[in-house]
> 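Before we start, here is the structure in question, set down as structure tokens.
No experiment lies behind these values; they were computed from the predicted model shown. Every heavy atom of this structure was used, including side-chain atoms; hydrogens, water molecules and symmetry mates were not. Chain letters run A, B, ... following the sequence lines, proteins first and then strands; every chain starts at 1.
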Amino acid sequence: MIGIITALIVLVLLVVLFVGIYNALVRLRNQVDNAWSQIDVQLKRRHDLIPNLVETAKGYMTHERETFEKITEARSKAMGAHSVAEASKAEGQLTEALSKFMLVVENYPDLKANQNFLSLQETLTSTENKIAFARQGYNDQVLFYNNKIQMFPSNLVAGMFNFTKRDYFEIENEAERSVPQVKF
Amino acid sequence: MWEQIRVNKRNSVILLGLMGAALCGLGFLLGFAFGGGPDAGWIGIFIATCVWLVMMLVSLYGGDQILLASSRATPVTEDVHPQLFNIVEEMTIAANLPKMPKIYIINDPAPNAFATGRDPQHASVAVTAGLLGKLNRDELQGVIAHEISHILHRDILYVTVAGVMLGAIVLLSQIFFRGMFYSALGGRRYSSRSRGGGGAQALIMILAIIAAILAPLFAQILYFSLSRKREYLADAGAVRLTRYPQGLAGALEKIAGTNISMESANKATAPMYIANPFRGKKAMNLFSTHPPIEERIRILRTMAHGAGYRDYNQAFEQVTHRGGVIPPSAVKPDEQVGLRQGDASAQPVSPKHSHRQVGDIMRKVNGFTFIPCACGLRLKLPPDFKSRTVQCPRCKRTHNT
């Protein structure tokens, strides 16, 4: 009798442990997916911001036609990209074009005195930061998730239910590897 | 990596258990001393437990509101300070928090900040107007990252609950001393039964007095020493989020450089702030709520190779010559976290400019309207301004309000 009860208690404890680990894994996987979608949200925000920015700055920066063209071109490329590789390349170009734009802004004191532009500038800085932090946050989350599915005992549950390792977000451009800072 | 959260949670539970035990012990001794027997001691435990539970529930479901209200923090909308909202959102993303914390501004010219709440879903961040006026973007980011780390590490819950426990123990010992005072005044005996075993009764009485003196002291030391360690951990977390130790270091330098105390802070809320809100007491002792700010700055300035927990730990050991501050389970030897470059063109904020900005933020929080005049002057109208038009004092143009 006592043997049966002990066996039952052990069984119940095992089931509780199992369910706990499984739920933790699902939660972690959802967090990874969520962090990934956050990157997309921020990239889209940048796309929405550009027309407004170009419109405001164009009137002041008459000699920078080339810079604007590069920005607009990179934006439409990024928005129309079909594959992830294509998109990440175009986004890289966009980041580059925008940071160049922010450098030449220094030469236009009238623009820098424009209240409307100043608030756009803050929005752009913040959007660039959010993109970078979203990538960083995704990588942190992936590290945590990958650790969990490799460690005992959660690796047993992960193996049973096909929780697979996720890849880190890698940035191809070496200059972009550090969090890009838009300089004003 | 985030095992640190688990370590923190476990420590919190242990401390809360200790606090509860201390409270029960005190209740038992008080009941024993006043009621004159073990039965009354049990009643004492019962009352202490009730106090503990009520305080716990209040702190869980209303603690953040109590603390925010007692610090005179006002909830603000995005248009009051868009940059602050942007930075909080950036850090929320970097930390993978499920929800952006609510943002409050405290109308105080002393630079400081704190976070409160129950869990990441119910969290708030409060910053003073002085902080917003004095810091540049990178520095403000460092401070917000520090507060977000407190939320991430669940320090906010711990500090709120531990603070309430501390309050309960102090309250009980106050009741005890008053009870003693009044019963001595009335000349009453402690108990009719005490005549028989006067020696034992006196011994219990002395023990009760010692306990009543020591318990609040002990609880306070424990509470404050743990909150010091949490500040280092939140600094390490902030660097890990921003990848930029110089930002937080610069912010702390500016905070240390001001010699005004916060008017809206008190003894119970002091451990919540990023830096001690009181000025004048320099000496580091057992009751300090914060580690010396110079030491925190030196640790941050020493970090030159990476922004991970391991790098912070190394800098900590190098500066303080003490053992590491990060729980070993959180330090991964192979963790590589790079640093980033700061905003090179960040202009130093002039004292006059920052003073003016602090005033503007305080007016915005209080519902002032701003009207820019063509002559370059900005009219600042209080919310109770009734007239429909206003004249610019410099160029005499009239504006509609």
> Quick one: does Ser126(A)'s side chain get under 4.5 Å of Arg137(B)'s, heavy atoms only?
yes
> Are the charged groups of Arg135(A) and Glu91(A) less than 4.0 angstrom apart, N to O?
no
> Mind ranking Ser119(A), Gly137(A), Ala35(A) by heavy-atom pairs under 4.5 Å with chain B and telling me who comes out on top?
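Result: the option with the highest number of such pairs is Gly137(A).
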> Between Asp360(B) and Arg363(B) (salt bridge meaning N to carboxylate O under 4.0 Å), is one present in this structure?
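Salt bridge: yes.
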> Salt-bridge test for Glu128(A) and Arg46(A): reply yes if a basic N is under 4.0 Å from a carboxylate O, no otherwise.
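Looking at Arg46(A) together with Glu128(A), the answer is yes, because their closest N to O distance falls below 4.0 Å.
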> So what's closer than 4.5 Å to chain B heavy atoms on Gln42(A): side chain, backbone, both or neither?
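Gln42(A) touches chain B through side-chain heavy atoms alone.
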> Using non-hydrogen atoms only, which part of Gln38(A) is less than 4.5 Å away from chain B: side chain, backbone, both, or neither?
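Gln38(A) touches chain B through side-chain heavy atoms alone.
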